[in-house]
Amino acid sequence: MLDNLGDFKRDYFAGELTENNIGDEVRLLGWADSVRDHGGVIFINLRDREGVVQVVVDPSKSPEESYEKAKKVRSEYVIGVQGRVQRRPVGTENPKIPTGNIEVVADKLLILNTCDVLPLPIEDSINASEEVRLKYRYLDIRRKPMFKNLLVRHEVYQATREYLAGHGFLEVETPMLTKSTPEGARDFLVPSRLEKGKFYALPQSPQLFKQILMVGGIERYFQIVKCFRDEDLRADRQPEFTQIDFEISFANEEDVISISEGLVHFIFKKVLGIDLKLPFKRITYKEAIEKYGTDKPDLRYEMELVDISDLASDVEFKVFNDTIKKGGIVKGLNIKKGAKFSRKEIDELTDYAKKFGAKGMAWIKISEGKMSSPITKFFTQEQQQKLKEKMKAEEGDLLVFIADSYETTHRVLGFLRKHIADKLKIIPEDRWDFLWIVDFPLVEWDEEEERFVALHHPFTSPKEEDISKLDSALEDKALASSIKSRAYDLVLNGEEIGGGSIRIHRPDIQKKVFELLGISDEEAEEKFGFLINALRYGAPPHGGLAFGLDRLIAIMVGADSIREVIAFPKTQKGNCPLSNAPDYVTEEQLKELGITVELEEEPS
RNA sequence: GGAGCCGUAGUUCAGCUCGGUCCAGAACGCCGGCCUGUCACGCCGGAGGUCGCGGGUUCGAAUCCCGUCGGCUCCGCCA
């Protein structure tokens with residue numbers, strides 16, 4: 001028989017009790033974390049949000065009714081205890097828990113609810129499969145590490161609001177039911193009942209609305225906001241995710257960067273007690289690609305790409321000099337202490353490189369004072385020496401080379417660099433390597449679509465000195481590619497955690513950029529007409545940034561996946577094992593929306 | 001769209017190479033009994049399985065083959 005809560009109130013959280021409470025009569029509410037029945041005395045660890053305390057039910061001290069009830073308590077029963085706090089008898093202290101010097105002698109015991117056999121253990125270390133954890137997320141969240149992640153998340157929200165509100169930013173909500181936009185990710189669509197055949201889209205970001213808020217004279221806007229993108233999932237990608245989004249009027253890059261740095265600094269200080277060094281390092285997009293092979297380099301380890309194209313054009317090795325002749329490049333990585341790799345391991349690296357488009361991978365081991373490799377014979381002594389100098393090669397190193405186009409070479413080496421660093425476990429933990437990537441190209445040529453696409457988004461402003469290039473950019477691919485944008489990304493430990501730009505605030509420039517992107521006047525008018533219109537009515541210069549909140553928090557708590565910092569995340573197929581969404585709806589619901597569904601198979 | 005790993009009691013796994021001795025086994029959990037200072041309590045006993053699903057091969061399939069569903073990682077995709 002279960003007890004009613006009635007007017008039973010909690011005086012303390014279990015974890016709040018200290019030796020100062022000794023002698024106090026207290027009431028506690030929570031879950032039975034563990035029960036130890038000795039046939040006589042019964043120990044129950046009562047757990048709540050803030051911690052655990054031992055409750056003692058002693059037949060010689062507690063009322064018989066309470067003792068009989070205590071015998072029935074099992075793991076995760078919901079209980080209430082009224083009792084006196086006492087110092088534990090000498091020798092029975094438990095140093096493993098913060099309240100280990102005290103215990104509560106139960107006077108009154110309430111059993112408020114029972115609990116079925118648990119599908120996953122409520123323990124700190126994770127053993128259960130992720131599928132089970134998501135299905136029973138309420139049990140998973142009872143685990144301390146999950147609770148801590150959600151707590152950190154809460155503290156980041158609060159710090160964000162404190163900092164941005166303190167710097168004159170107004171929190172304004174933007175619509176969740178909005179308009180589908182071309183460019184960018186696939187939209188989630190929501191059918192309109194009132195206008196059958198029409199659809200809302202869930203926002204990929206509040207981009208257009210926050211710009212319009214600037215036109216509206218808000219001056220400084222922010223929002224902690226859900227964004228939706230219907231693309232395939234990854235460990236760091238969910239179909240719905242959260243951004244810290246902000247925008248500033250009359251701002252240039254430095255204003256946005258400095259607010260961003262201030263915010264991140266504030267969050268780290270407030271939540272983790274860490275003093276980040278400001279300003280963050282900055283490198284250009286070009287430098288990032290050429291040194292690290294990626295636009296989100298992890299600077300926690302060195303291993304930079306080395307260009308040996310000039311040397312490669314002279315060596316007899318056909319793969320190298322042919323690549324150069326065709327306008328490609330040859331670059332290498334020095335894998336420190338990599339000479340210990342077996343032939344098999346090197347072959348695995350080659351296969352890995354091929355996955356990313358490499359045709360092959362050349363390698364040279366430096367061991368016993370000389371170079372050993374199938375390609376050494378193509379190098380003269382002098383060339384070997386030169387190569388060693390360029391690569392800063394020392395005894396015990398392994399040099400690997402990719403010869404291909406500019407793009408492929410960098411891309412492959414970028415992935416290799418990361419892969420090898422993981423493999424060799426040379427990435428230091430507990431480092432916070434923030435890095436701004438600046439000077440992005442405005443557009444890049446998309447071979448598949450046979451048009452230019454925006455690297456950032458279509459509302460990103462070109463650099464002021466490049467605006468004149470817009471007029472002839474369509475006819476001149478090289479010229480178009482040389483236009484730099486006013487975009488910037490913030491990278492932390494090799495992950496992109498934020499990105500933004502100074503936007504276009506003039507309708508004439510916006511029109512030219514649309515033209516460059518192959519977006520016709522009609523299409524621009526139809527899809528973004530409301531923004532273009534707004535720009536015509538005194539739009540101030542403005543810019544901003546959005547942080548990927550989930551990624552930021554995942555890195556802060558050391559989680560491998562953003563699912564660990566989201567209360568109710570989705571699986572890789574976009575399912576929610578807890579609620580079983582998405583699911584079929586009734587014929588009536590579909591009819592009301594004027595929707596007919598074509599299924600390959602009938603729903604079961 | 002593609003590649004890889006995984007799917008066996010409530011949970012985590014072993015068994016699968018080389019089919020039979022497996023009407024499947026361990027640990028934790030659960031249930032019952034004993035136990036008055038434990039805290040991963042202990043001791044004794046017990047229950048618990050559509051081996052993801054479907055098909056095939058075979059005298060015989062958890063094990064081999066094909067398909068399919070689901071979970072995870074990655075590529076493509078993600079302005």
Side-chain angles (χ1 to χ4, degrees), chain A residues 33-45 52-62 67 74-76 88-97 99-100 103 105 115-136 139 181-187 204-205 207-208 227-239 241 351-352 354-357 411-412 415 418-419 422 440 442-444 446 448-449 452-460 485 487 496 499 501 513 517 519 528 546 548 560-561 563 570-573 575 577 601 604:
Chain A
D33 196 56
S34 63
V35 183
R36 296 173 295 283
D37 183 345
H38 287 262
V41 66
I42 297 171
F43 300 100
I44 301 172
N45 278 7
V52 176
V53 73
Q54 172 164 285
V55 172
V56 188
V57 190
D58 188 326
S60 66
K61 292 176 191 152
S62 306
Y67 180 70
R74 298 288 179 269
S75 280
E76 298 306 310
R88 288 201 191 189
V90 175
T92 65
E93 298 87 353
N94 182 4
K96 288 186 210 158
I97 58 173
T99 59
E103 60 190 8
V105 181
C115 179
D116 285 356
V117 175
L118 294 166
L120 63 97
I122 315 293
E123 292 168 354
D124 290 0
S125 60
I126 308 168
N127 265 323
S129 73
E130 205 167 342
E131 200 177 355
V132 173
R133 290 179 56 206
L134 292 185
K135 183 165 181 189
Y136 299 94
L139 297 177
T181 51
E183 303 283 304
R186 192 177 297 112
D187 285 319
Q204 295 176 28
S205 79
Q207 182 60 37
L208 299 178
C227 303
F228 306 86
R229 292 175 193 177
D230 189 5
E231 297 292 347
D232 287 355
L233 281 65
R234 288 282 195 289
D236 64 350
R237 272 163 37 188
Q238 283 274 302
F241 61 99
D351 288 341
Y352 189 78
K354 283 179 179 168
K355 270 188 15 189
F356 299 98
R411 178 184 147 73
V412 171
F415 278 109
K418 195 175 168 183
H419 181 70
D422 280 333
F440 281 85
L442 184 71
V443 295
E444 64 183 350
D446 186 312
E448 233 169 76
E449 294 191 50
F452 286 108
V453 293
L455 219 73
H456 194 61
H457 59 52
F459 320 107
T460 299
S485 79
E496 185 195 326
S501 64
V513 171
L517 296 173
I519 300 172
F528 312 114
D560 290 331
S561 158
R563 293 187 301 273
K570 305 223 174 352
T571 67
Q572 199 157 52
K573 282 237 162 75
N575 292 314
E601 272 176 65
S604 50

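Just the heavy atoms: all of them, side chains too, but no hydrogens, waters or symmetry mates, feed the values below. Not measured: the values here are computed from a predicted model. Below, chain A is the first sequence line, B the second, and so on; all start at residue 1.
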Pairing nucleotide - B:U63, Watson-Crick or G-U, each distance under 3.5 Å: none
Nearest whole angstrom, please: distance from the C1' of B:C31 to the CG of A:L118. 15 Å
Counting only side-chain heavy atoms from C-beta out, which of B:G76, B:U36, B:G37 sits nearest to A:R237? B:G76
Name the closest nucleotide to the A:Q54 side chain, picking from B:U38, B:C72, B:G76. B:U38
Looking only at the side chains, is there a donor atom on one of A:R36 and A:Q54 sitting less than 3.5 Å from an acceptor on the other? yes
In terms of side-chain heavy atoms of A:T571, which of B:C72, B:C39, B:G76 is nearest? B:C72
If I take atom CG in residue A:D446 and atom P in nucleotide B:G76, what distance separates them, rounded to the nearest angstrom? 13 Å
What is the separation between atom CG on A:N575 and atom P on B:G52, rounded to the nearest whole Å? 20 Å
Whether A:R186 side chain and A:D230 backbone form a donor-acceptor pair below 3.5 Å: yes
Of all the nucleotides listed (B:C39, B:A40, B:C78), which has the minimum atom distance to the side chain of A:R88? B:C39
What's the closest nucleotide to the side chain of A:Q572 if the choices are B:C30, B:C31, B:C72? B:C72
Taking atom P of B:C75 as reference, at what distance in whole Å does atom CZ of A:R234 sit? 5 Å
Taking CD from A:E131 and P from B:G71, how many angstroms apart are they, rounded to a whole number? 6 Å
Ignoring the backbone of A:D37, work out which of B:G1, B:C35, B:U12 is nearest its side chain. B:C35
If pairing means Watson-Crick or G-U wobble with both distances under 3.5 Å, then the partner of B:A3 is B:U73
